[in-house]
S.K.: 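First the structure, then my questions, so here it is.
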Amino acid sequence: MDHAPAVRLPHYTPTDQAEILGDGPDPFGVADTGLTFLPKEIHFGIKRHDRLIAHTGLLELPLSIGPLTTKVIGVGGVAVAPDVRGQGLARRVLTTALTHARTLGPHHALLFCRPPLTPFYEYLGWHTLTVNVHVEQPQGTVLMPLRTMWTPLREDAEWPDGEVRLLSYPM
């Protein structure tokens, strides 16, 4: 096992995603939610022997928490090729992406995941939100059916109290 570094990618295309996860119809297992997701704008990946094997994407998004309107860094598209899982690649690419996210201004990062992935993100220091989270969709505002998790991007950042509304499509 080598230790290829996680690096910022100049782009991330559907072909890149298929290189990691294959070209199946539901690579992240969330198609049944019916949600429309935004593409990420900043991408990090790990390549091994010229093959992309891991990815994480970032996107700055507006949201409200109770009466507070702020921005978060949305984290999404976390992917590791099935044949190289269990080698710490997701942790490495996430750590590099979050290091960059800390330079962008918002105090928190946010992600949505399927419940079976919650223990993995908790192990990495993420916290589960226990309040309702609403997101924008083509038909209007809907309740997020996936688990919502956050992590601080500043040492003293705490998550404010109140219901959460992502003022955009989810990432």
Side-chain angles (χ1 to χ4, degrees), residues 5-12 16-17 20-21 27-30 33-46 54-80 88-138 140-171:
V7 297
R8 187 162 177 179
L9 302 173
H11 54 75
Y12 184 72
D16 295 324
Q17 180 177 301
I20 298 171
L21 296 174
F28 292 100
V30 297
T33 66
L35 294 171
T36 299
F37 291 89
L38 290 172
K40 278 44 92 190
E41 293 179 348
I42 302 170
H43 303 276
F44 293 86
I46 298 174
H55 170 266
T56 297
L58 304 176
L59 180 65
E60 188 171 312
L61 298 168
L63 84 159
S64 63
I65 307 167
L68 173 69
T69 299
T70 188
K71 291 191 176 194
V72 295
I73 299 298
V75 176
V78 179
V80 175
L89 299 170
R91 178 188 46 77
R92 284 175 33 211
V93 75
L94 272 165
T95 298
T96 300
L98 290 175
T99 297
H100 179 76
R102 288 181 178 90
T103 71
L104 299 177
H107 291 203
H108 305 94
L110 191 76
L111 66 76
F112 302 111
C113 68
R114 292 178 293 111
L117 296 173
T118 302
F120 167 73
Y121 288 109
E122 287 175 339
Y123 175 76
L124 297 179
W126 291 76
H127 309 277
T128 301
L129 285 178
T130 57
V131 297
N132 287 331
V133 177
H134 292 86
V135 299
E136 298 302 317
Q137 289 293 283
T141 303
V142 301
L143 185 64
M144 171 51 78
L146 299 170
R147 189 72 39 91
T148 304
M149 303 187 77
W150 72 277
T151 195
L153 296 176
R154 302 281 180 273
E155 195 170 303
D156 59 347
E158 294 294 328
W159 191 267
D161 290 332
E163 284 202 10
V164 176
R165 181 174 172 201
L166 190 62
L167 303 172
S168 71
Y169 290 175
M171 60 288 163

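This chain uses plain numbering: 1 for the first residue, then up along the sequence. What you see is a predicted model, and the numbers here were worked out from it, not measured in a lab. Side chains are part of it too, since the values below use all heavy atoms of this structure and drop only hydrogens, waters and symmetry mates.
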S.K.: Could you give all pairs that pass the side-chain hydrogen bond (donor to acceptor under 3.5 Å, both in side chains) test and reach residues 150-162, with sequence neighbours left out?
M.R.: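 Pairs touching residues 150-162 that pass the test: none.
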S.K.: Do Met144 and Thr33 pass the side-chain contact (heavy atoms from CB on, under 4.5 Å) test, and can you show the C-alpha distance, the side-chain angles, and the key distance before you say yes or no?
M.R.: CA-CA 9 Å; Met144 171 51 78; Thr33 66; over 6 Å; no
S.K.: Measuring from Asp16:CG to His43:NE2, what's the distance to the nearest 0.5 Å?
M.R.: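 NE2 of His43 is found 9.0 Å from CG of Asp16.
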S.K.: Flag the pair Val164 / Asn132 as yes when at least one side-chain heavy-atom distance between them is below 4.5 Å, and no otherwise.
M.R.: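 Heavy-atom side-chain distance check fails, nothing below 4.5 Å.
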S.K.: Residues in side-chain hydrogen bond (donor to acceptor under 3.5 Å, both in side chains) with Arg165, at least two apart?
M.R.: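 For Arg165, the residues satisfying side-chain hydrogen bond (donor to acceptor under 3.5 Å, both in side chains) (neighbours in sequence not counted) are Glu136, Thr141.
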S.K.: Do Leu167 and Thr69 come within less than 4.5 Å of each other through their side chains, counting heavy atoms only?
M.R.: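 The answer is yes, as the side chains (C-beta and beyond) meet within the 4.5 Å cut-off.
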S.K.: Looking at every heavy atom in both Ala109 and Trp126, which two are closest together, and how far apart are they?
M.R.: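 For Ala109 versus Trp126, the nearest heavy atoms are O-CZ3, 3.6 Å.
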S.K.: Once rounded to the nearest 0.5 Å, what's the spacing between atom CE of Met149 and atom CG of Leu124?
M.R.: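 The CG atom of Leu124 is 9.0 Å from CE of Met149, to the nearest 0.5 Å.
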S.K.: Main chain of Thr99, side chain of Thr103: is a donor-acceptor contact present, judged purely on distance under 3.5 Å?
M.R.: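 Pair absent, no side-chain N/O of Thr103 close to backbone of Thr99.
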S.K.: Is there a donor-acceptor contact under 3.5 Å from the side chain of His55 to the main chain of Gly77?
M.R.: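 Pair found, side chain donor or acceptor close to backbone of Gly77.
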S.K.: Is there a side-chain contact (heavy atoms from CB on, under 4.5 Å) between Leu146 and Arg114 once you walk through the steps?
M.R.: CA-CA 6 Å; Leu146 299 170; Arg114 292 178 293 111; 4.2 Å; yes
S.K.: Please find the pair of heavy atoms, one from Leu94 and one from Tyr121, that lie closest to each other, and give the distance.
M.R.: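 So the minimum-distance heavy-atom pair works out to CD1-CE2, 3.8 Å.
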S.K.: Within the structure provided, determine whether Cys113 and Thr118 are in side-chain contact (heavy-atom separation under 4.5 Å).
M.R.: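 Yes. Closest side-chain heavy atoms under 4.5 Å.
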S.K.: For Ala54, what residues pass the side-chain contact (heavy atoms from CB on, under 4.5 Å) criterion, not counting sequence neighbours?
M.R.: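 Counting only residues at least two positions away or on another chain, Ala54 forms a side-chain contact (heavy atoms from CB on, under 4.5 Å) with Ile46, Val80, Leu89, Val93.
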S.K.: Determine the minimum heavy-atom distance between Gln137 and Leu35, stating which atoms define it.
M.R.: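 Where Gln137 meets Leu35 most closely, the heavy atoms are OE1-CA, 3.1 Å.
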S.K.: What's the shortest heavy-atom distance between His108 and Ala157, and which atoms?
M.R.: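 Closest approach of His108 to Ala157: NE2-CB, 3.9 Å.
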S.K.: Got a donor-acceptor contact below 3.5 angstrom from the Arg147 side chain to the Pro116 backbone?
M.R.: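 It does not hold such a pair.
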S.K.: Ignoring hydrogens and angles, tell me if any N or O in the side chain of Glu163 forms a donor-acceptor pair with the backbone of Val131 under 3.5 Å.
M.R.: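 Not at all, since once roles are kept as given, no pair shorter than 3.5 Å links the two residues.
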S.K.: Given Ile42 and Leu104, is the side-chain contact (heavy atoms from CB on, under 4.5 Å) satisfied, shown in steps?
M.R.: CA-CA 11 Å; Ile42 302 170; Leu104 299 177; 4.0 Å; yes
S.K.: Once rounded to the nearest 0.5 Å, what's the spacing between atom CG of Leu59 and atom NZ of Lys40?
M.R.: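 NZ of Lys40 is found 7.5 Å from CG of Leu59.
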S.K.: Atom CZ of Arg91 and atom OG1 of Thr96: how far apart are they, to the nearest 0.5 Å?
M.R.: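 Those atoms lie 9.5 Å apart.
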S.K.: At their closest point, which heavy atom of Ala97 faces which heavy atom of Thr56, and how far apart are they?
M.R.: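 Looking at all heavy atoms of both residues, the shortest contact is CB-CG2, 3.9 Å.
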S.K.: Is there a side-chain contact (heavy atoms from CB on, under 4.5 Å) between Phe112 and Val30? Walk through the geometry before answering.
M.R.: CA-CA 10 Å; Phe112 302 111; Val30 297; over 6 Å; no
S.K.: When rounded to the nearest 0.5 angstrom, what distance separates CZ in Phe44 from CG in Leu98?
M.R.: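 The CG atom of Leu98 is 9.5 Å from CZ of Phe44, to the nearest 0.5 Å.
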S.K.: Looking only at non-hydrogen atoms, find the nearest pair between Leu68 and Pro160 and report the distance.
M.R.: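 Smallest heavy-atom distance, with atoms named: CD2-CG, 3.9 Å.
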S.K.: Give, for atom NE2 of His107 and atom NZ of Lys71, the distance between the pair rounded to the nearest 0.5 Å.
M.R.: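 Going from the NE2 atom of His107 to the NZ atom of Lys71 covers 13.0 Å.
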